[in-house]
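Structure first, commentary second.
Letters A, B, ... mirror the listed sequences (proteins, then strands); counts begin at 1. In this text, all values refer to a predicted model and were calculated from it rather than measured experimentally.
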2 protein chains.
Amino acid sequence: MNDTASSETDRLARQTESVFDLQAFFPYLVRVFYTDVTNALAEIYTRDHSLAPSEWRTMAILGQHGHLRAAEIVERSSMDKVSVSRAVKKMHERGLLEKQNNTKDGRSSLLCLSGEGRAVYDDIVPKVLAAEQRMLAGVLPEDIAAFHRVMRAIRDNLN
Amino acid sequence: MNDTASSETDRLARQTESVFDLQAFFPYLVRVFYTDVTNALAEIYTRDHSLAPSEWRTMAILGQHGHLRAAEIVERSSMDKVSVSRAVKKMHERGLLEKQNNTKDGRSSLLCLSGEGRAVYDDIVPKVLAAEQRMLAGVLPEDIAAFHRVMRAIRDNLN
DNA sequence: CCAGCTTAGTTTCATATGTAACTAAGTCAA
DNA sequence: TTGACTTAGTTACATATGAAACTAAGCTGG
C-alpha cells in the first residue's frame, strides 16, 4: 500500500466521531505501568523460589497472620477463592504451609507457614521491600500521597 | 486451634526480621487498583462486542492509524507479538479487520479496520471515554498530574 | 547467485485465571 | 431430628497468556 492510501485511511480515522488516543488513555497507562511493576516483583519470588504470584500473595498473608482459614486469605489478598485454593494446595504439597483441622468448622482448615515456608518468607520479604524502595526512589512523598489518593478515589468511583 | 496458639504464631510472625504488611505494599495496591480499572473497562467491550482485551487494544490502535504491520501494533500497544497475532487472526475471521499484502515485504501484511470493524470501534470509543471520565470524576487535576509523574518515575527506575 | 544470518509472524506447549458446577459440612426452623 | 437452605472449598471447563520453537521471507557478503 502506498502513502496516499495510508493518508486516506488516517483521514478517515480522524474524521470518526471520537478522537481516541490509546497512549493517552488512562486505563491503558495503568495497565502498562502495572505490568512493569508486577513483572519486576515476580522476577524475585519466581527466580529465587519458583513461587507463582498467587502463592507469594498467600505466603505474604500467612507470614503476617497465621492460623487463617482460606476465606480469610481471600479477603486479605483480593484474590478469588479458586486461586487461593490452588495456591494453598501447591504450597502444602511443597511443604511450605501446614493445615490444621478447624475444630469449630469441619469444612475449613486453619493454615499457617511451615518452618520451611517461613524461611522462604524471610528470604523474600527483604528482597521485595528493597525492590519497592528501588521503584519509589526519588519520587516525592507528596506525589506518592497523591498517587494513593487517586487510587482510592477511582476505586470509590467504580464502587 | 485455640487463641493461645494463634497468638503464639502471631508473635513468631512479628519477630521475623522484616515486618511486612501486604496491604501497605505498593505493588500490591497497584495490582488491586489495576484489576478494578481493567475490569471496569473490559466490561464494556466484552459485553457489547465480545472482544478480548487484546482485540480491543488492537482495534484501538488500528482505529487511530490504519495500514500498520503487526509489529507496529506490538510497539504501540505494549502487547507481545503472540497476543497481537492471535488478536489479528480472530478479528480477521470475524471480519473486523482487513489484511493487504505488503508489497514491500512478503513476510508481513498491512492491517486496517474493516467497515464493520470501524463501526464497532465507533461504538466502543465513546463508551470507554465515558468510563474514563467516570473513574476520574472528582479527582483533582494536580493529583492526576502527580499520578502520571509517579508512573513515569517508577517505570524509569525499573528501566 | 546462494549460503548463512536476520526478521515477521505463527504455532506449540506449559501455565494462569475466572466462572460455574459440584461436594461436604453446617445451620436453622418446623 | 430432619429436610431445605447456606457456606467453604474443590474440581471441571473454558479461555488467556507468554516463552520458545518453528516457518517463510528478506538481506548480505562473497
Side-chain angles (χ1 to χ4, degrees), chain A residues 1 31-32 34-36 38-43 45-47 49-58 61-62 67-94 97-111, chain B residues 1 31-32 34-36 38-43 45-47 49-58 61-62 67-94 97-111:
Chain A
M1 207 28 67
R31 182 181 70 86
V32 172
Y34 159 77
T35 302
D36 284 358
T38 209
N39 285 346
L41 208 71
E43 165 70 7
Y45 52 76
T46 301
R47 168 174 40 75
H49 299 283
S50 304
L51 290 175
S54 59
E55 289 159 22
W56 149 244
R57 276 171 230 140
T58 298
I61 303 283
L62 289 178
H67 300 274
L68 298 179
R69 290 173 303 109
E72 290 168 319
I73 297 176
V74 169
E75 278 169 34
R76 292 163 195 255
S77 68
S78 301
M79 293 192 281
D80 70 357
K81 64 181 183 171
V82 181
S83 303
V84 171
S85 171
R86 287 192 271 237
V88 166
K89 186 180 181 187
K90 194 128 179 215
M91 292 170 77
H92 190 236
E93 284 165 4
R94 280 184 59 182
L97 69 72
E98 288 163 9
K99 291 187 180 190
Q100 295 170 326
N101 289 333
N102 184 352
T103 54
K104 305 248 175 71
D105 186 340
R107 292 169 301 182
S108 57
S109 308
L110 295 176
L111 309 168
Chain B
M1 206 30 67
R31 181 182 70 86
V32 172
Y34 158 77
T35 303
D36 284 358
T38 209
N39 285 346
L41 208 73
E43 165 71 6
Y45 53 75
T46 301
R47 168 173 39 74
H49 299 284
S50 304
L51 289 176
S54 57
E55 289 159 23
W56 149 246
R57 277 172 229 140
T58 298
I61 303 283
L62 288 178
H67 300 276
L68 298 180
R69 290 173 303 110
E72 290 168 320
I73 297 176
V74 168
E75 277 169 34
R76 292 164 196 257
S77 68
S78 302
M79 292 191 284
D80 69 358
K81 64 183 183 171
V82 181
S83 303
V84 170
S85 171
R86 287 193 270 238
V88 165
K89 185 180 181 187
K90 192 127 179 216
M91 291 170 79
H92 190 235
E93 284 165 4
R94 280 183 60 180
L97 70 72
E98 288 163 9
K99 292 186 182 191
Q100 296 170 325
N101 290 331
N102 184 353
T103 53
K104 306 247 175 70
D105 186 340
R107 293 169 300 180
S108 59
S109 307
L110 295 176
L111 309 168

Looking only at side-chain atoms of B:V82, point me to the closest of C:dA8, C:dT19, C:dT12. C:dT12
Quick one: pull up CZ in B:R107 and CG in B:N102 and give me the separation to the nearest 0.5 Å. 9.5 Å
Any side-chain N or O of A:S85 less than 4.0 Å from the OP1 or OP2 oxygen of D:dT10? yes
For the CD atom of A:E55 and the NZ atom of A:K89, what is their distance to the nearest 0.5 Å? 12.0 Å
Nearest atoms (heavy-atom pairs only) where B:S78 meets A:V32: OG-CG2, 3.7 Å
List the residues meeting side-chain contact (heavy atoms from CB on, under 4.5 Å) with A:V88, not counting sequence neighbours, and say none if there are none. A:T58, A:V84, A:L97, A:K99, A:L111
Integer-rounded Å distance: D:dA24 P and B:N101 CG: 16 Å
Side chain of B:E72, backbone of B:R69: donor and acceptor closer than 3.5 Å? yes
Closer than 4.0 Å, any side-chain N/O of B:S83 to the OP1 or OP2 of D:dG18? yes
Does A:S109 reach the main-chain N or O of A:N101 with its side chain, forming a donor-acceptor pair under 3.5 Å? no
In whole angstroms, the gap separating C1' of D:dA20 from CG of B:D80 amounts to 12 Å
Taking N or O atoms only and anything under 3.5 Å, show me the protein contacts with nucleotides 13-16 of chain D, one pair per line.
none

Nearest-Å distance for atom pair CZ/C1', residues B:R47 and C:dG18: 18 Å
Name all residues meeting the salt bridge (Lys or Arg N to Asp or Glu O under 4.0 Å) criterion together with B:R94; count only those two or more places apart in sequence or in a different chain, and write none if there are none. none
Indicate the atoms forming the closest heavy-atom contact of B:L41 with B:W56, along with that distance. CD2-NE1, 4.1 Å
Got a sec? Which of residues 69-77 of chain B come in under 4.0 Å of DNA chain D, heavy atoms? none
Would you compute the distance between atom CG of B:L62 and atom OG of B:S77 and round it to the nearest 0.5 angstrom? 9.5 Å
To the nearest Å, give me how far apart CG (A:N39) and P (C:dA16) are. 14 Å
Sort me out a list of protein N/O and nucleotides 21-29 of chain C N/O pairs below 3.5 Å, or just none if empty.
{"residue": "C:dG26", "atom": "OP1", "partner": "A:G106", "partner atom": "N", "Å": "2.8"}

Please report the interatomic distance CD1(A:I73) to OG(A:S83), rounded to the nearest 0.5 Å. 12.0 Å
Between the CZ atom in B:R31 and the CG atom in B:D36, the distance rounded to the nearest 0.5 Å is 10.0 Å
Take the C1' atoms of the five end pairs on each side of the helix from C:dC1-D:dG30 to C:dA30-D:dT1, get both axes, and report the angle to 10 degrees. 0°
With no hydrogens and no angle check, is any side-chain donor or acceptor of B:T38 less than 3.5 Å from a backbone partner on B:Y34? no
Distance check: side-chain N/O of B:K89 vs OP1/OP2 of C:dT11, anything under 4.0 Å? yes
Taking A:S85 for the side chain and A:K81 for the main chain, is one N or O donor matched with an acceptor at less than 3.5 Å? no
